[in-house]
Every structure is written in C-alpha cells, then in structure tokens.
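Since we're looking at a predicted model, the values are computed, not measured. Letters go in sequence order (proteins before strands), and every chain restarts at 1.
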Number of protein chains: 2
Amino acid sequence: MSTRSEIIKIADELIREKGFNAFSFYDISKALGIKNASVHYHFPTKNDLGIAVVNEYLAKLEEMMADSADKEPTERINVYLSIYTSTKAEGRICLVGSLASDLQTVDPELKVYLKQLVDKILNWVTDILADGQARGVFAFSVVPRTKALMIITNMLASLQLTRLTDEQDFETIKQTIIKDITK
Amino acid sequence: MSTRSEIIKIADELIREKGFNAFSFYDISKALGIKNASVHYHFPTKNDLGIAVVNEYLAKLEEMMADSADKEPTERINVYLSIYTSTKAEGRICLVGSLASDLQTVDPELKVYLKQLVDKILNWVTDILADGQARGVFAFSVVPRTKALMIITNMLASLQLTRLTDEQDFETIKQTIIKDITK
DNA sequence: GTCTATATCCGGATAGAC
DNA sequence: GTCTATCCGGATATAGAC
C-alpha cells in the first residue's frame with residue numbers, strides 16, 4: 001500500500017474519530033512513523049487531504065453500488081446498513097456526519113465533494129427502496145426519497161447518539177428500520 | 001443580561017455553528033466587545049464554559065418539560081419538534097449533535113453532563129409517546145423508547161444533512177414523523 | 001520521497017495593573 | 001470585572017539538504 005493511500009486511510013479514521021478540526025498532520029505522521037513534512041509532500045494542505053478522503057469514498061461507493069446492483073432489494077439494503085454496523089464496531093461516526101457537523105469550517109471546495117457524496121448515497125438508498133417497493137418486498141407510505149432520508153438520518157445520528165445512551169441501541173435502531181420497511 | 005449569561009449564549013451559538021474545537025475565546029470576546037482575558041475571568045477553561053452551556057440546556061429543558069407537562073400529547077410532541085425548527089431557521093445544528101461528533105475530544109467531565117442531557121431528552125420524548133399511545137392518539141409498533149430513538153435520530157441528523165441536500169427536506173422529515181405516529 | 005529546521009500564526013491560559 | 005502583556009504549546013506550512 002502506497003504512503004499516499006495509507007495517509008488517506010488514517011486521515012479518514014481520524015476525521016471520524018476526532019473531527020476534521022481536531023486532527024493534525026502530526027497525528028498522521030506519527031501513525032505512519034514518518035515526519036510531518038512528508039505528509040505535506042503528498043497533500044500540500046489539509047483541504048487537499050480532506051478532498052482526497054471524500055473522493056476515496058465516492059470511488060468506494062461506486063464500486064459497492066455496482067457490486068450489489070443485481071442483488072435483491074433486501075440484500076441491497078443490508079449492504080447499505082452494514083456500512084454503519086462496521087463503523088459502529090470501530091466506535092467511530094460516519095464521514096458524512098463528521099464533516100456535516102464541521103460544515104461551516106471546511107473549505108467550500110471540500111463542501112462540493114461532500115455534497116456529491118451525500119447525493120450519491122441518497123440516490124442509492126432511494127433506488128433500493130423504490131426497487132423493493134416495485135417488487136412488493138418493501139412497503140412504506142411516503143415516496144422512496146423521503147423514506148431514504150428517514151433511514152439515512154436514523155443511521156447517521158445513531159452512530160453519534162448511541163455512544164451517549166446504550167451501545168445496544170444502535171442494533172435496535174437498525175432492526176427497527178428493517179422491520180419497518182419489510183412487507 | 002449578565003456578561004456571564006451572554007458568554008454562555010454566544011458559546012452555544014458558536015459550538016452549534018463551528019463545533020467545540022473550532023471556536024475560540026477570542027471569537028466570544030470579539031462578539032461581546034471585551035477582551036480574551038475577561039472571558040477567562042468568567043470561565044477559567046474551555047471545559048468550564050462547555051459544561052456551563054450544557055447545564056444551561058438542562059435547566060431550560062427542565063423548564064420546557066414542566067411548562068408543557070399538562071398539555072395534550074400532540075402539542076407536547078410539537079413542542080419537542082419545534083426546538084429543531086428554530087435551530088434549522090438559525091442554519092445551525094443542535095448542541096447534542098455537535099458535541100456528540102466531537103465526543104472523543106471533549107473532557108470526560110463534560111461528557112457526563114452531555115449524557116445527562118441526552119438521557120433527559122430521551123426520557124421526555126419516550127414519556128410523550130407513551131402518553132399519546134395510552135390516550136389512543138398515537139400509534140406505533142415498537143416500544144415508546146425505541147420510537148423516541150427513531151424520532152430523535154431523525155431530527156438530530158436532519159439538521160446536519162439537509163444543509164447538504166435540499167433545505168426543504170427538513171420540513172419533509174418533520175412532517176413525516178408527525179404523520180407516522182398520528183393514529 | 002523523506003528528512004531537519006524553521007517560519008508563522010493562533011489558541012488556551014495566567015499575572016498583575018487599574 | 002476588565003484591561004495589557006505575555007507565556008506556552010500546538011498546528012499549518014515551507015525551504016532546502018539528502
């Protein structure tokens with residue numbers, strides 16, 4: 001794995017653990033056993049690094065969507081929900097939730113990429129729900145896009161909130177979502 | 001209004017606008033037309049100030065709960081949801097969502113008070129839902145506490161997410177919640 | 001591509017005068 | 001209760017050697 005890729009991986013973990021404004025280039029260099037200046041060689045500014053992290057998500061998501069495109073709606077929604085299960089296991093929050101909280105402090109350029117990521121996720125979940133509804137395996141009383149918004153907000157905030165309530169609550173929320181849309 | 005109260009008010013706004021790690025004592029002093037050191041006179045450390053902000057919420061919430069305790073469940077849930085409508089109008093996110101995102105960077109002491117605030121909100125919404133269910137005006141298929149978790153996560157994340165999708169989505173989510181629980 | 005060294009700036013915090 | 005002045009540490013970022 002290239003240093004560049006490793007930096008992106010660690011930056012992602014740090015953003016989701018401490019937030020964009022709370023991690024430093026030194027944190028990354030320390031984790032990789034290199035120096036501060038070496039990180040700047042790969043990413044001149046923090047903004048550059050942030051954009052690289054978001055772009056990595058855009059690419060990964062594209063791949064994930066393609067891989068599951070031919071699957072059943074039930075399995076596709078599980079693929080989506082399982083992303084958060086992994087994140088919960090890490091004890092971290094999701095990238096979108098972290099950056100959305102810091103939105104007023106990030107560079108407008110980064111914001112543009114973040115918007116693209118959110119759009120892609122929303123369209124993906126909307127598509128899964130519409131497909132499930134058309135095939136008669138899902139049922140809900142609002143338009144698919146609205147139901148997608150409800151599910152995404154449940155998942156995003158569950159990572160943030162269940163560190164303060166009961167850790168078991170994450171799984172409760174996830175199961176409630178599945179039960180709720182299953183016909 | 002005392003300087004102390006004004007500092008708390010501005011700190012709250014800044015936390016919800018930029019995040020706990022992105023605002024400074026200078027930001028507050030500037031807004032009040034006083035100096036950095038004067039803010040430290042009222043709150044020696046940033047942690048002290050953070051705790052004061054959370055305690056202010058605990059007190060305000062207590063008051064709000066007492067004021068609406070005798071009202072109908074429909075009105076009580078509207079009181080709860082209207083908190084987020086005001087916050088959305090400000091273009092900010094909620095205090096719990098902001099601090100929960102920065103959870104790993106805040107002092108353990110602050111975390112304790114934040115947990116109390118989340119508990120109080122969760123108990124309040126759970127109580128409203130249980131009351132509505134008992135009176136036959138609300139209906140839902142999970143236990144009240146779980147439904148409360150679903151609603152709170154919808155609201156918390158809607159503030160963060162709808163700045164990146166469509167501003168109108170906030171109202172859509174709110175109306176979907178009301179429609180969903182209304183018998 | 002990584003290093004040492006350093007410039008620059010900002011934020012939290014304190015001392016002591018008024 | 002607010003001020004001036006200052007310390008200190010940490011963070012972004014760059015220059016230039018290896």
If you restrict it to nitrogen or oxygen atoms, what contacts under 3.5 Å exist between nucleotides 3-5 of chain D and the protein, and what is each distance?
from: D/dC3; atom 1: OP2; to: B/Lys35; atom 2: N; distance (Å): 2.6
from: D/dC3; atom 1: OP2; to: B/Ser38; atom 2: OG; distance (Å): 2.7

Q) Is the shortest distance from a Lys or Arg side-chain nitrogen in A/Lys111 or A/Asp107 to a carboxylate oxygen in the other one below 4.0 Å? A) no

Q: Send over the distance from A/Ile28 CD1 to D/dG10 C1', rounded to a whole Å.
A: 15 Å

Q. Tell me, which of residues 2-16 of chain A have any heavy atom that sits under 4.0 Å from an atom in DNA chain C?
A. A/Thr3

Q) Are A/Arg76 and A/Glu72 within salt-bridge range, i.e. N to O under 4.0 Å? A) no

**Q.** Test: A/Glu171 and A/Lys88 ion pair at under 4.0 Å
**A.** no

Q. Under 4.0 Å between a side-chain N/O of A/Tyr41 and OP1 or OP2 of C/dT2, yes or no?
A. no

Q) Between C/dG11 atom P and B/Phe43 atom CZ, what is the distance in whole Å? A) 20 Å

Q. When you check the gap from the basic side-chain N to the acidic O, do A/Arg145 and B/Asp169 get nearer than 4.0 Å?
A. yes

Q.
Measure CZ/B/Phe25 against P/D/dG1 and give the value in whole Å, please.
A. 16 Å

**Q.** Spacing between A/His40 atom NE2 and C/dT8 atom P, to the nearest angstrom
**A.** 16 Å

Q. Starting at CG of B/Asn47 and ending at P of C/dG11, how long is that distance when rounded to a whole Å?
A. 19 Å

Q: Using a strict 4.0 Å threshold on nitrogen-to-oxygen distance, state whether B/Lys115 and B/Asp119 make a salt bridge.
A: no

Q. Could you state the CG-P distance from A/Asp27 to D/dA13, rounded to the nearest angstrom?
A. 14 Å

Q: Please report, rounded to the nearest Å, how far the P atom of D/dA11 is from the CG atom of A/Leu49.
A: 15 Å

Q. Between the side chains of B/Ser2 and B/Ser5, does any donor sit under 3.5 Å from an acceptor?
A. yes

Q) Does one side chain, of B/Thr85 or B/Lys174, offer a donor that lies under 3.5 Å from an acceptor on the other? A) yes

Q.
Under a 3.5 Å threshold, yes or no: a donor from one side chain and an acceptor from the other, between A/Thr105 and A/Asp102?
A. no

Q.
Rounding to an integer number of Å, can you tell me how far A/Lys30 NZ sits from D/dG10 P?
A. 11 Å

Q: List in chain and number order the residues that pass salt bridge (Lys or Arg N to Asp or Glu O under 4.0 Å) with B/Lys35, two or more places apart in sequence or in another chain; answer none if no residue qualifies.
A: none

